[in-house]
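First comes the structure, then the notes that go with it.
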Amino acid sequence: VRFSKNILCCSEKERQELMLLSSDPKKLLVVANGLNRLFFETAQKSAIRKDNLLFFSQITPIKNLENVFYALATRKELDGVLNNIDIYGYGPKDYIDSLKNLAHHLGIDQCIEFKGAVAREKRVDIYDDYKYFILPSLSENFGIVVLEALSRRCKVLVSSETPWRDFEHSDMHVFKPDKESIYQAL
């Protein structure tokens, strides 16, 4: 950081975090992410959308899927409601296997489907299939998937540990990334 001329940040949140490492905040520049034009085209599909939660991201511990699983189990136990989640993305096989084991242990494995990685050109169609999107991350520098989901008319549930905590939108609900807060958001 000290020897860099300039540092590009994806969000103001990331800039604020890097300011702790930099003696010159002027070299920290925010350059926002953008979306492919396909995300702004009118949907060609039917208006029937799945009630399942959609998760679309890299599958790693920082994405906090464990707490979503605990929240889903609590919702099943306390409310008698089964929420399904379809998980699109890629990650280490051993970590995905540990998530599958947790789902089985919690008795919610029938509610969770790992769909795998998806080609970029197929993403719009997938968003259009769902009503709800969730990003429960413990940290994000931007979280472009939130913008993608909103652009495709999904209701978004997003962690307060993202830059989206400062953004107001009628189709977005911000929650703390702990089990209880996720349960309440559901």
Side-chain angles (χ1 to χ4, degrees), residues 8-14 30-69 71-72 75 81-93 95-96 99-100 103 108-175 177 182 185-186:
L8 299 179
C9 307
C10 294
S11 67
E12 185 58 33
K13 177 183 182 288
E14 185 177 44
V30 176
V31 177
N33 288 311
L35 294 183
N36 185 306
R37 65 175 174 74
L38 295 174
F39 281 93
F40 299 102
E41 293 179 0
T42 305
Q44 300 294 320
K45 292 186 160 196
S46 73
I48 299 170
R49 299 172 85 154
K50 295 178 187 176
D51 284 329
N52 297 11
L53 291 168
L54 166 63
F55 173 86
F56 212 148
S57 192
Q58 188 175 19
I59 303 169
T60 60
I62 201 162
K63 299 303 181 176
N64 196 31
L65 285 168
E66 291 92 340
N67 278 345
V68 173
F69 289 12
L72 292 172
R75 189 139 159 81
V81 174
L82 288 176
N83 289 112
N84 295 316
I85 182 168
D86 292 340
I87 299 171
Y88 289 86
Y90 60 92
K93 182 183 179 328
Y95 179 65
I96 292 172
L99 289 173
K100 289 177 181 178
I108 58 167
D109 46 334
Q110 75 278 9
C111 303
I112 298 166
E113 190 170 344
F114 288 86
K115 302 278 199 168
V118 174
R120 187 164 296 281
E121 63 272 7
K122 304 276 186 205
R123 292 169 66 135
V124 170
D125 289 338
I126 291 169
Y127 284 110
D128 287 349
D129 283 340
Y130 293 85
K131 290 182 188 176
Y132 306 103
F133 175 84
I134 189 166
L135 185 66
S137 298
L138 298 172
S139 180
E140 288 283 342
N141 65 344
F142 185 71
I144 194 138
V145 290
V146 172
L147 188 57
E148 291 174 350
L150 287 171
S151 77
R152 301 313 297 170
R153 300 178 347 265
C154 293
K155 304 256 186 233
V156 173
L157 304 170
V158 65
S159 163
S160 59
E161 299 305 310
T162 69
W164 296 96
R165 69 176 177 249
D166 300 323
F167 182 75
E168 290 185 31
H169 192 283
S170 61
D171 286 336
M172 189 170 66
H173 176 77
V174 178
F175 57 84
I182 296 171
L186 294 174

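Rounding to the nearest 0.5 Å places SG of C154 at 12.5 Å from CD1 of I134. Rounded to the nearest 0.5 angstrom, I85 CD1 and C111 SG are separated by 10.5 Å. Atom CG of D128 and atom CD1 of I48 lie 13.5 Å apart (nearest 0.5 Å). We find the CD1-CZ distance between I87 and F114 to be 4.0 Å, quoted to the nearest 0.5 Å. Rounding to the nearest 0.5 Å places CD1 of I112 at 8.0 Å from CG of L99.
Side-chain contact check for L135 versus F55: some heavy-atom pair is nearer than 4.5 Å. A 4.5 Å side-chain heavy-atom check between E113 and N84 finds every atom pair outside the cut-off. In this structure, the side chains of N67 and P136 stay at 4.5 Å or more apart for every pair of heavy atoms. Looking only at side-chain heavy atoms (C-beta outward), V145 and R123 come within less than 4.5 Å of each other.
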- Query: Does the pair Y90 and I59 meet the rule for a side-chain contact (heavy atoms from CB on, under 4.5 Å), with working shown?
  - Reply: CA-CA 6 Å; Y90 60 92; I59 303 169; over 6 Å; no
- Message: I'd like to know whether D109 forms a side-chain contact (heavy atoms from CB on, under 4.5 Å) with K100, so could you lay out the CA-CA distance, the side-chain angles of the two residues, the decisive distance to 0.1 Å, and finally the verdict.
- Response: CA-CA 7 Å; D109 46 334; K100 289 177 181 178; over 6 Å; no
- Item | Candidate pair V81 and R75, rule side-chain contact (heavy atoms from CB on, under 4.5 Å), full reasoning | CA-CA 6 Å; V81 174; R75 189 139 159 81; 3.6 Å; yes
- Audit row: L157, L186, side-chain contact (heavy atoms from CB on, under 4.5 Å) steps and yes/no: CA-CA 8 Å; L157 304 170; L186 294 174; 4.1 Å; yes
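The side-chain hydrogen bond (donor to acceptor under 3.5 Å, both in side chains) search around D86 returns N52, Y130, not counting sequence neighbours. Residues that satisfy the ring-ring contact (aromatic ring centres under 6.0 Å, His included) test with F56, not counting sequence neighbours, are Y88, Y127. E12 meets the side-chain hydrogen bond (donor to acceptor under 3.5 Å, both in side chains) test with R15, Q16; sequence neighbours excluded. Taking K122 as the reference, V118, A119 meet the side-chain contact (heavy atoms from CB on, under 4.5 Å) condition, with sequence neighbours excluded.
For the side-chain hydrogen bond (donor to acceptor under 3.5 Å, both in side chains) condition, the pairs that include at least one residue of residues 162-175, sequence neighbours left out, are K155-D171. For residues 131-145, the salt bridge (Lys or Arg N to Asp or Glu O under 4.0 Å) pairs, not counting sequence neighbours, are D51-K131, K63-E140.
Looking at N64, its side chain does come within 3.5 Å of a backbone N or O of P177 through a donor-acceptor pair. Judged by distance alone, the side chain of N141 and the main-chain N or O of E14 form no donor-acceptor pair under 3.5 Å.
In terms of heavy-atom proximity, R49 sits nearest to R152 at NH2-O, 2.7 Å. Residues A149 and V156 approach most closely at CB-CG2, 3.8 Å, considering heavy atoms. Contact detail for F167 and M172: the closest heavy-atom pair is O-CE, 3.0 Å.
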